[in-house]
Q: 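One structure, as structure tokens, below. Some questions next.
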Amino acid sequence: MTSKGQKVIQQWYKQKQWKQFPFQKEMEEAYLSGFSGLLNAPTGSGKTFALFLPFLADFINKYPDTYTTQKNNGLLMLWITPLRALTNDIRKAMQEVCDDIGLPWRIMTRTGDTSAAEKAALKRKLPEVLLTTPESLHLMLAQKEYNKVFKGLRVMVCDEWHELLGTKRGVQVELGLSKLKSLSRESELESKGGLRLQTSDSELRIWGISATIGNLEQAAEVLLGNDFSPERIRMVRAHVNKKLVIESVIPPNIENYSWAGHIGVKLLPQVMEIVAKSKTTLIFTNTRSQSEIWYHAIIDNYPEYAGIMAMHHGSLDNDLRNWVEQALHAEALKVVVCTSSLDLGVDFRPVDTVVQVGSPKGVARFMQRAGRSGHHPGAISKAYFVPTHSLELLEGAALKQAIKKGVFESRDPMLLTMDVLIQFMVTLAVSDGFRADELFKEVKTTFAFADLRRDEFNQLLDFITNGGKTLAQYDEFLKVEVENGLFKVNSRRVAMRHRLSIGTITSELSIRVKWLSGGSLGTVEESFISKLKPGNTFWFAGRSLEFIKVKEMTAYVKKSKSTKGLIPSWNGGRMPLSSQLSAVFRDKLDEVANGIETDIEVKALKPLFGLQAELSHLPQSHEFLIESFKSREGHHLLFYPFEGRLVHEGMASLLAYRISKIKPASFSIAMNDYGFELLTDEDIPIEEALEDADFFSINNLIDDIQHSLNSNEMARRRFRDIAHIGGLVFTGYPGQPVKNKHLQASTSLLFEVFNEYEPDNLLVRQAYNEALAFQLEEFRLRAALQRIQTQNIVLKVIERPTPFAFPILVDSLGRERLTTETMEERIAKMARRYGADEVADKPSPRSRKTGVTRKKGF
DNA sequence: GACCTGCTGCGGCTTG
């Protein structure tokens, strides 16, 4: 039997001359039967309509009168997206449907872009559907009488949930939802009449929309929370078979292609051939600096592209980025060089080709990017993989295989992030206040805080009211007052400061680059600008700029004619090769070692692998290769776990520590995504170390790690963000930021104080846990060690660097130094080498070049 | 024989 609502929708489809999406029926059935759940569908598959239309049908069925007589008030649907830009597009699409079927609804957005007038209008009369971001949702929860806004809510949708899951923004969504769920239950009890006639179906429904990830079931669990019974949950899968063609660009002369490097401009001619025969191409690079370099290289060598080429990355001014996006839409551009900044967002129909320069580091990321091309239903996505060094070409083969086998990375949800919870508690205290028992119960329904203990919760309560054990004497930290059991912020100043700092995204302070004549180009880092002298030229935003002066965090520039100049680099996150892609990469390597040569990438790499076998060994899956050689610089040991650079970093420090227990030594450490190197100026007793069954063991792992690297420093860095999110430091009023150094110093000081006087402080504990989980990838490190223990160790003494070793030896910038020797021993050793007088001024050439200090990030 | 990495995302304006 077809309901009235369904009929209206079907008519709409007919009017549009659209076919129903294949998963539309299933989605409709699930929604109309009152389920909550997760819709697994890629972007561009019509997922917005798939959810919005059943929602409309459901409404029309239940309130046919309202549908025709416009008698409706209040928010019915809340739609959360991770991107401001998405809200506008979706709003338009929804409004069109409503207008088409004659439903007099208002669809509105509420983000940081929303003007004060619009916000006022929103308050005066609530729209039926509101599109927003996690941050804006929390800002609404920080308003007085927010319960009135949300009490009639029927459905919450979280779009692009895979993007938020696994982040603190995701936890923010979980917490916000828990509040809305409990509001819905309250109003259910109160409601008599109005729109909430039938209690049975008035319960809040929650739907997530997610691209395919490795843990979809868990994604649904996290979104819905622990109080959702499984029989009310549905998973709807779109099964949209998007045709994807992947091609690796093979360097013409593989013998001469560089063994190391990350830029890849050597293959510019091949890439430009692809660009020439495509309509519109996106060239994805891994770093902002790399996109500047590529843009520069294209303009230099293919000047005819001036005017039809653009660049897009996160440090460019918003106006510029918006212009690029519009120009893409309008088919005014032939090629855009970009970073992940174009991973998501508005659909760019004209794009028919995607080029990925360098390793995409993960299967999902590559799929996402490839999907930016051929965005019409039924169109083919075409993606090219461009290796930046020889061995990386094998990743091309691995990517193809992973996609064929349907391997996807998981997004692990974050747990017990106390900083986010503190912020949420103060948010509620700022608006209408909260009661401890009720809030504890609500918070426990979230996946993130399912294991939160009451004593921990009490610690947080104490923290926001009394500053905890440590900060009790500072007024600054006494934010929340308790009146008759109600936790509430009474100070207007505290409330305002809190609203100013809602959110979980923290960022480094940067220098804005502006023309002398006004107009902003974007931002660069302070460290880059400090390298420049007035009159120097640098390249940024695709232009040659002359640096004039710095004033109030702004670098002023004017146009330069010089074709040479520094290109800025930015310090961003370090993405390791994902464990899934690493695993397929090892499989491919095993095929190579067994002489299987079906992939064109493997065929092309034959000379390289031949040389590796000749100079050393090609490890099969049951083997673990270690290479050892001596040079002027000292004794080198190279290990190849193929587990991504973060794991290698931890493993390198760990093994260095374990070796140094046999014989004290100072190690220099270098690593890439495939392996790592230990270097010391004395003989390393590696055979002896390998005989010890505990060398690769996970016994005492945490202990040994804490001895081997500066976990304090790692936690301190993590603590900076935590303190920020937890509201322990104030970053200043908009437009007049607190100087970064002050912020750095005060979080550092707080960390010291806590560490010393309150080591069980929840935020400090969180800092150590985060360092372990995200900086060291402890879980993966364990798994890798366990795997290695089952493998046969193949130790090869080599004469000269192998194709495997070379890129690591080159990767000296990430070199770290681990010292277990006493200072006297080191001085004595250097004295023996240089003669006593010179010791003080002459470090070894290697360490001068690479720096003894740890790289930023640690 | 030859090199030199590190992404994205949001929000807020006036008080002490």
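A, B, ... follow the sequence lines: proteins, then strands. Residue 1 opens every chain. In this text the structure is predicted, and so the values were computed from the model without any measurement.
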Q: Considering only side-chain heavy atoms of A:Thr111, which listed nucleotide, B:dC7, B:dG11, B:dC10, is closest?
A: B:dG11
Q: What about A:Tyr257 and A:His389, are their ring centers closer than 6.0 Å?
A: no
Q: By nearest atom, which of the nucleotides B:dG16, B:dT5, B:dG11 is closest to the A:Arg493 side chain?
A: B:dG16
Q: Quick one: on DNA chain B, does A:Met575 or A:Met496 contact a more 5' nucleotide (nearest heavy atom)?
A: A:Met575
Q: Whole Å only: how far is the CZ atom of A:Arg411 from the C1' atom of B:dG9?
A: 12 Å
Q: Please pick, from B:dT5, B:dG9, B:dC13, the nucleotide with the shortest atom-to-atom distance to any side-chain atom of A:Leu500.
A: B:dC13
Q: Roughly, in whole Å, what's the span from CZ in A:Phe424 to C1' in B:dC10?
A: 18 Å
Q: Give the rounded distance in Å between these two atoms: CD of A:Gln172 and C1' of B:dG11.
A: 10 Å
Q: To the nearest Å, give me how far apart NE2 (A:His648) and C1' (B:dT5) are.
A: 17 Å
Q: Among B:dC7, B:dC3, B:dG16, which nucleotide sits nearest the side chain of A:Trp570?
A: B:dC7
Q: Does any donor atom in the side chain of A:Gln368 or A:Asp343 lie under 3.5 Å from an acceptor atom in the other side chain?
A: no
Q: Indicate whether the side chain of A:Ser520 and that of A:Arg512 have a donor and an acceptor atom separated by less than 3.5 Å.
A: yes
Q: Output the single nucleotide from B:dT5, B:dG6, B:dG9 whose closest atom is nearest the side chain of A:Arg169.
A: B:dG9
Q: Looking for any heavy atom pair under 4.0 Å, which part of the strands does A:Gly112 touch: base, sugar-phosphate only, or nothing?
A: sugar-phosphate
Q: Rounded to whole Å, please give me the gap between CG in A:Leu164 and C1' in B:dT8.
A: 12 Å
Q: Of all residues at least two apart in sequence or in a different chain, which pass the salt bridge (charged side-chain N to carboxylate O under 4.0 Å, His left out) check with A:Asp721?
A: none
Q: From the options B:dT8, B:dT5, B:dA2, select the nucleotide whose nearest atom is closest to the side chain of A:Arg288.
A: B:dT8
Q: Any side-chain N or O of A:Lys119 less than 4.0 Å from the OP1 or OP2 oxygen of B:dG12?
A: yes
Q: If you go through the side-chain atoms of A:Thr339, does one of them form a donor-acceptor pair with the base of B:dC7 closer than 3.5 Å?
A: no
Q: At a heavy-atom distance below 4.0 Å, what parts of residues 131-139 of chain A sit against DNA chain B?
A: A:Thr133, A:Glu135, A:Ser136, A:Leu139
Q: For A:Arg492 and A:Lys266, take the nucleotide of DNA chain B holding the closest heavy atom to each; which residue's nucleotide lies nearer the 5' end?
A: A:Lys266
Q: So if I take every side-chain heavy atom of A:Leu83 and compare against B:dG9, B:dG6, B:dG12, which nucleotide ends up nearest?
A: B:dG9
Q: When you check the glycosidic angle of B:dC13, does it come out syn, meaning within 90° of 0, or anti?
A: syn
Q: Rounded to the Å, how far apart are A:Glu525 CD and B:dG6 C1'?
A: 10 Å
Q: Rounded to whole angstroms, how far apart are CZ on A:Arg574 and C1' on B:dC7?
A: 14 Å
Q: Hey, does the side chain of A:Arg497 come within less than 4.0 Å of B:dG12's phosphate (OP1/OP2), counting only N and O?
A: no
Q: Check salt bridge (charged side-chain N to carboxylate O under 4.0 Å, His left out) between A:Arg110 and all other residues, then give those that pass, not counting sequence neighbours.
A: none
Q: The criterion is side-chain contact (heavy atoms from CB on, under 4.5 Å); which residues satisfy it with A:Val149, sequence neighbours excluded?
A: A:Leu75, A:Leu126
Q: Taking the side chain as everything from C-beta on, heavy atoms only, tell me whether A:Val355 gets closer than 4.5 Å to A:Phe385.
A: no
Q: Give one of base, sugar-phosphate or nothing for A:Ile567, where a contact means two heavy atoms less than 4.0 Å apart.
A: nothing
Q: Is A:Arg110 touching bases, backbone alone, or none of the nucleic acid, heavy atoms closer than 4.0 Å?
A: sugar-phosphate
Q: Given B:dG12, is OP1 or OP2 found less than 4.0 Å from the side-chain N or O atoms of A:Ser501?
A: no
Q: What pairs with A:Arg288 under salt bridge (charged side-chain N to carboxylate O under 4.0 Å, His left out), at least two apart in sequence or on another chain?
A: none
Q: What residues form a salt bridge (charged side-chain N to carboxylate O under 4.0 Å, His left out) with A:Lys606, not counting sequence neighbours?
A: A:Glu597
